[in-house]
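This report concerns only the one structure given below.
Keep in mind that what you see is a predicted model, and the values were worked out from it rather than measured.
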Amino acid sequence: MSKDIVKPSTLPGFMELLPKDQILFNKILDTIRKTYEEFGFIPLDTPLIEKSEVLLAKGGGETEKQIYRFTKGDTDMALRFDLTVPLARYVAQHFSDLTFPFRRYHIGKVYRGEKSQRGRFREFYQCDVDIIGNGKLSVVYDAEIVSIIYATFNNLGFKDFTIKINNRKVLNGFFASLNIENTVDVLRTIDKLEKIGEKSAISELKGLGFSEDTIGKILNFIKIQGTNQEKLQALKSLDMHTEVFQNGIDELTTVIEYINSFGVPEKNYMIDLTIARGLDYYTGTVYETFLDNYPEIGSVCSGGRYENLAEYYTTQKLPGVGVSIGLTRLFYQLKEAGLLESDTPSTLTKVLVVPMDATCNEYSIKVANTLRESGIISEVYFEEVKVGKKLNYANKLDIPYVVLIGEDEIQRQMVSLKNMKTGYQETLAIDEAIKSVK
RNA sequence: GUGGGUAUAGCUCAGAUGGUUAGAGCGCCAGAUUGUGGCUCUGGAGGCCGUGGGUUCAAGUCCCACUAUCCACCCCA
């Protein structure tokens, strides 16, 4: 007796799916990829492992703490924790071989060594789209990104979602006018205002050392309501004359204007002055997308504009704008919320070819090949067991059709096609069987 | 990094106040006459009760430690 059996298990925070779910997951992924490609984004794939010096060029707290880093021989390497840093490296490295504005999408796994928690993973898929300019990048692209988010979620079958848009310059300009310096802390508080509520936000701001007067101004500012136009109007009438603020308003106005041109329905986007994004590298437009009926899921797609993507890798100035869908978490949460189709098959196979016994194998293989030539996903069941068991295989995998091959069928050069749902069975020529399966 | 919960069959969980051979549902396997599945019925396999120590005549049950895992905070997708 071997007592050396290792308990089969994965590390916590690593998602693994059963066939049904994996098929569904891939369908979602395919939809996202297809949508990105429709907008002319070029596929990119980069190594999962990069030199530590590249990934950590920027330095800074959270990244250092969460990155998977190790050495092999003398090489100090790490697993990528997002797709933006590899993009920056890639663009800087291959700058002269790329054509700008460079539109790329990247769907891949990234790694973060966080403490595990519900809906939080240590390995997860990100689906990124970014547009990188050489020296400058039109703000119209900021509007195009919104239309891409809209198209993606629309293609995924969602109708009720809102892309919330804000501009960091508007926030920063406003804070500058209040002489607030540590904007990062304020942004962080504002960002989670909705989650923690106004009271907690106020006490948190007090804790940061702001006066009631300042806090009042901040709250009044972020609580500006109305339609997008009304919000823009209200911002303009604040009559702030810092350059940054004016700049932000202008950008936001242009973005809103063009989103309309891109044909995104009014109900699917709005200016939201509380959107700040935690990441400090965003400098202009920022986005967060929410499912209207499931706000608890949080943002399902977020991103923004950054002034200088690759400053740690090149002296070229490369502004960009993009968003990312955290697919693993999205999938997990959609599943939790019961929003995924439940009656999906466990295999892609449409027809199971069942030889009655081994003497029928050769003809069965031929039949399966013919089916595949017509684009019908088919497989043959070769195990020699009772017919009932063979049919049960089709049954358990939700294969819709079975083709039975026995002596009789071979002799007549036909097939017996059985519909597993209705139980109806008839003997047909192969082409007729193909027609009725299709 | 801080705080809390949980650990019994492949999965979801029962197993008052310690007491003999540890249970259910689902799943799995096999039968109900030889080329026909799903439904039903019958039977079966499968557990060092997370690991180590302690209390006790007696521990799945009580105590301690360890480990694993989950949840919340921080931060994030």
message: Given the structure, check if the side chain of A:N392 and the base of B:G37 hold any donor-acceptor pair shorter than 3.5 Å.
response: no
- prompt: Counting only distance, no hydrogens or angles, is the base of B:G37 paired donor-acceptor with the side chain of A:Q425 under 3.5 Å?
  reply: no
Could you tell me whether [X] contacts a base, only the sugar-phosphate backbone, or nothing, with contacts defined as non-hydrogen atoms closer than 4.0 Å?
X	answer
A:G406	base
A:L330	nothing
A:Q126	sugar-phosphate
A:E409	base

message: With salt bridge (Lys or Arg N to Asp or Glu O under 4.0 Å) as the criterion, how do A:D30 and A:K27 come out once you've worked through the C-alpha distance, each side chain's angles and the decisive distance to 0.1 Å?
response: CA-CA 5 Å; A:D30 286 345; A:K27 245 165 107 179; over 6 Å; no
- prompt: Is NZ or CZ of A:K164 both nearer than 6.0 Å to the six-membered ring centre of A:F290 and within 45° of the ring axis?
  reply: yes
Within 45° cone of A:Y313 ring axis and under 6.0 Å: A:R89 NZ or CZ: no
message: Please determine whether the number of non-hydrogen atoms from other residues, nucleotides or ligands lying under 6.0 Å from atom CD of A:E37 exceeds 12.
response: yes
- prompt: Can you check whether A:K389 has a side-chain N or O nearer than 4.0 Å to OP1 or OP2 of B:C29?
  reply: no
Under-4.0 Å side-chain N/O to phosphate OP1/OP2 contact, A:K115 with B:G3: no
Inter-nucleotide [atom1] distance ([N], [M]), Å rounded:
N	M	atom1	result
B:C39	B:U20	P	38 Å
B:G53	B:C11	C1'	32 Å
B:C63	B:U56	P	16 Å
B:G52	B:G60	P	13 Å
B:A14	B:A24	P	16 Å
B:C49	B:A7	C1'	10 Å

message: Keeping A:Y36 on the side-chain end and A:I107 on the backbone end, is there a donor-acceptor pair under 3.5 Å?
response: no
Of the candidate nucleotides [options], which contains the atom at the shortest distance from the side chain of [X]?
X	options	answer
A:Q66	B:C29, B:U36, B:C75	B:C75
A:P12	B:C70, B:G37, B:U2	B:C70
A:Q117	B:U2, B:C73, B:G38	B:C73

task: Tell me which of A:D408 and A:K386 sits closer to the 5' end of RNA chain B, going by the nucleotide each one is nearest to.
output: A:K386
- request: Scan every strand shown for a Watson-Crick or G-U wobble partner of B:U34, both distances under 3.5 Å, and answer none if you come up empty.
  value: none
